[in-house]
Amino acid sequence: MSHLSRYVQKNTPCRSDVVSFNPQFLRVFESLIPAVEIRVKQKQLFTSLENLITQELPRARLFMYGSCANTFSLFESDIDICLDLGDNNVDKSDVLLGLADLFRMQNFKDVQAITNARVPVLKLKDPTTGISCDICVNNMLAVVNTKLLRDYSQIDVRLRQLVLIVKYWAKSRKINEAYRGTLSSYSYVLMCIHFLQQRWPAILPCLQRMGTTYSTTAENIECSYFDRVEELRNFGIRNRENLSILVWAFFHYWAYCHDYVNDAISVRTGDILSKREKGWTIRVGNDRHLMCIEDPFDVYRDLGRFVDRSTLRIIRQEFERAAEIMQYDSQPFVSLFEPYVRCR
């Protein structure tokens, strides 16, 4: 899209009938919520794994993290578990290889220890529930991040609504795989939180800029924020935007308004930061910094660092497609999620 076309679209007002699509978008959202039976099976598997592991490693503590624990999971049932051993010097690969032998003896399926990854992981599938599970060791920063996202989700229901819609769209359009140069689900959640922090009036506060009620150290990083979110349930009450308006505005922002060259988004500050002040203006190794999303606690980590020029173009084209659908399509609640089909 040319600069002129983008300028024209940026200044195009929202369609007058967007509110009329809210019931349909709410139905899409409700269809994406995992069934109660899945949650029960996840807890059942977690308890089973906890019992098995603590018999071998009595000091171990287990935590669910990621989408299965932060309220932003779609209809998938897989779970992620962090095994906290309280010892940062432990050989993670040895621990996972030992657990792999244990789970094979217990007749778990598809047991595989991947020890050469940046974060070593043990993969398995429970034959009873049919749920797959990834287990990592001492990845406590992910556990703290999960708590932060879950706390944000308790403040205003519109966050969960928007996140599930955006995640479903990204999955349908095949731009939700960080290892392929697009963006992770975690990145999309942060984009939604930041977007709602930026609405006027704001729908979400910036918890890390409020008085500290929760503080911990995870992987040598100090993590603190205001977590008494039950006191913030009416924070966004002055903003009356419904889900359909927010979906329109989210895609409009990322298609036409975000400055990809100069800006980084920051949930930690609830603001836009300069790439220059973050030191994210040049490529360092595989970190390209073309689409910058600051991690809330590990502030030197750019979650969009693996996006390259090719995938950035694809991501932006998808945002533009989504914004055009939300502005002009007669059934945006259908067209938005049409599966991406690669041209032969």
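Bear in mind the structure is a predicted one, so any value in this text is a computation, not a measurement.
- Remark: side-chain polar atoms of D302 are paired, donor with acceptor, to backbone N or O of I293 under 3.5 angstrom.
- Proximity of a side-chain donor or acceptor of N234 to a complementary backbone N or O of I237 within less than 3.5 Å is not detected.
- Looking at heavy atoms from C-beta onward, L49 lies in side-chain contact with C133 at the 4.5 angstrom threshold.
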Which donor-acceptor pairs under 3.5 Å do the side chains of residues 31-43 make with protein atoms, sequence neighbours left out?
| from | atom 1 | to | atom 2 | distance (Å) |
| --- | --- | --- | --- | --- |
| S31 | OG | V28 | O | 2.6 |
| R39 | NH1 | Q42 | OE1 | 2.9 |
| R39 | NH1 | C68 | O | 3.1 |
| R39 | NH2 | C68 | O | 2.9 |
| Q42 | NE2 | S77 | O | 2.9 |

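- Side-chain contact check for N51 and S48: no donor-acceptor pair (N or O, by modelled atom type) lies under 3.5 Å.
- The distance from the CG atom of L190 to the CD1 atom of I265 is 6.5 Å, given to the nearest 0.5 Å.
- S184 and S187 are linked by a side-chain donor-acceptor pair at a separation below 3.5 angstrom, with hydrogens and angles left out of the test.
- In this structure, F337 has its ring center under 6.0 Å from that of Y168.
- With contacts defined as side-chain heavy-atom distances shorter than 4.5 Å, the pair N22/L26 qualifies.
- Electrostatic pairing of K147 and D227 counts as a salt bridge here, judged by a charged N lying under 4.0 Å from a carboxylate O.
- In the model, N242 has a side-chain atom that pairs as donor or acceptor with a side-chain atom of S244 under 3.5 Å.
- Atom CG of residue L74 and atom CZ of residue F29 lie 10.5 Å apart, to the nearest 0.5 angstrom.
- A distance of 4.5 Å separates CG of L85 from CG of L83, quoted to the nearest 0.5 Å.
- In this structure, the side chains of Q112 and L122 stay at 4.5 Å or more apart for every pair of heavy atoms.
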**Report entry** CA sep, side-chain torsions, deciding dist, call: T71, S153, side-chain hydrogen bond (donor to acceptor under 3.5 Å, both in side chains)
**Finding:** CA-CA 7 Å; T71 78; S153 77; 3.1 Å; yes

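- Using a 4.5 Å heavy-atom cutoff, the side chains of Y152 and Q197 are in contact.
- The number of heavy-atom neighbours closer than 6.0 Å to CG of N220, taken from other residues, nucleotides and ligands shown, is 12 or below.
- Under the 4.5 Å side-chain heavy-atom criterion for ILVMFWY residues, no single connected hydrophobic cluster contains both L97 and V121.
- Contact check for V137 versus D84: no side-chain heavy atoms found under the 4.5 Å cut-off.
- Y65 and Y225 fall into different hydrophobic clusters, where Ile, Leu, Val, Met, Phe, Trp and Tyr side chains are chained together by heavy-atom contacts under 4.5 Å.
- Of the inter-residue distances, the one linking L99 atom CG with Q106 atom CD reads 11.5 Å to the nearest 0.5 angstrom.
- The cationic atom of K125 (NZ for Lys, CZ for Arg) does not lie both less than 6.0 Å from the six-membered ring centre of F108 and within 45° of the ring axis.
- If you take CZ on R268 and CD on E294, they are separated by 4.0 Å, rounding to the nearest 0.5 Å.
- R6 has a carboxylate O that lies under 4.0 Å from a charged side-chain N of E320, or vice versa, which qualifies the two as a salt bridge.
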Query raised in the report: Should I221 and C223 be marked as a side-chain contact (heavy atoms from CB on, under 4.5 Å) after you check the CA-CA gap, both sets of side-chain angles, and the distance that decides it?
Result: CA-CA 6 Å; I221 294 175; C223 307; 4.1 Å; yes

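- A 4.5 Å side-chain heavy-atom check between V299 and K278 finds at least one atom pair inside the cut-off.
- Residue Q198 qualifies as enclosed at atom CD: its count of foreign heavy atoms under 6.0 Å is above 12.
- Side chains of K167 and S67: a donor on one and an acceptor on the other come within 3.5 Å.
- Results of the side-chain contact (heavy atoms from CB on, under 4.5 Å) test with L183 over T311, N176, V307, L303 single out V307 as the only residue that passes.
- Counted by atom type alone, Y186 and D295 present one or more donor-acceptor pairs between their side chains at under 3.5 Å.
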Report task. Could you walk me through whether D17 and S20 pass side-chain hydrogen bond (donor to acceptor under 3.5 Å, both in side chains), step by step? Result -> CA-CA 6 Å; D17 63 343; S20 68; 4.6 Å; no

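- Taking hydrophobic clusters as Ile, Leu, Val, Met, Phe, Trp and Tyr residues chained together by side-chain heavy-atom distances below 4.5 Å, F195 shares a cluster with F25.
- For the pair R316 and Y260, the cation sits on the ring face: its NZ or CZ lies under 6.0 Å from the ring centre, inside 45° of the axis.
- Separation of atoms CZ (R288) and CZ (R309) is listed at 9.5 Å; rounding is to 0.5 Å.
- Side-chain contact between W200 and N239: absent, with no pair of heavy atoms (C-beta onward) separated by less than 4.5 Å.
- Using a 30° and 60° split on the angle between ring planes, W254 and F250 fall in the tilted class, from 30° to 60°.
- The closest side-chain heavy-atom distance from L141 to D298 is below 4.5 Å.
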Requested in this report: Could you please spell out the steps behind the ring-ring contact (aromatic ring centres under 6.0 Å, His included) verdict for W169 and F251?
Outcome: CA-CA 11 Å; W169 162 80; F251 288 120; 4.7 Å; yes

Report task. Using the side-chain hydrogen bond (donor to acceptor under 3.5 Å, both in side chains) rule, take D329 and S335 through it: C-alpha gap first, then chi angles, then the decisive distance, then the call. Result -> CA-CA 8 Å; D329 198 280; S335 303; 3.1 Å; yes

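- Within a 6.0 Å radius of NZ in K171, no more than 12 heavy atoms belonging to other residues, nucleotides or ligands are found.
- Salt bridge R228/E231: present, at least one basic N to carboxylate O contact under 4.0 Å.
- Looking only at atom types and distance, the side chain of E177 has no donor-acceptor partner in the side chain of T182 under 3.5 Å away.
- Note on I79: it does not cluster hydrophobically with M140, by side-chain heavy-atom contacts below 4.5 Å among ILVMFWY residues.
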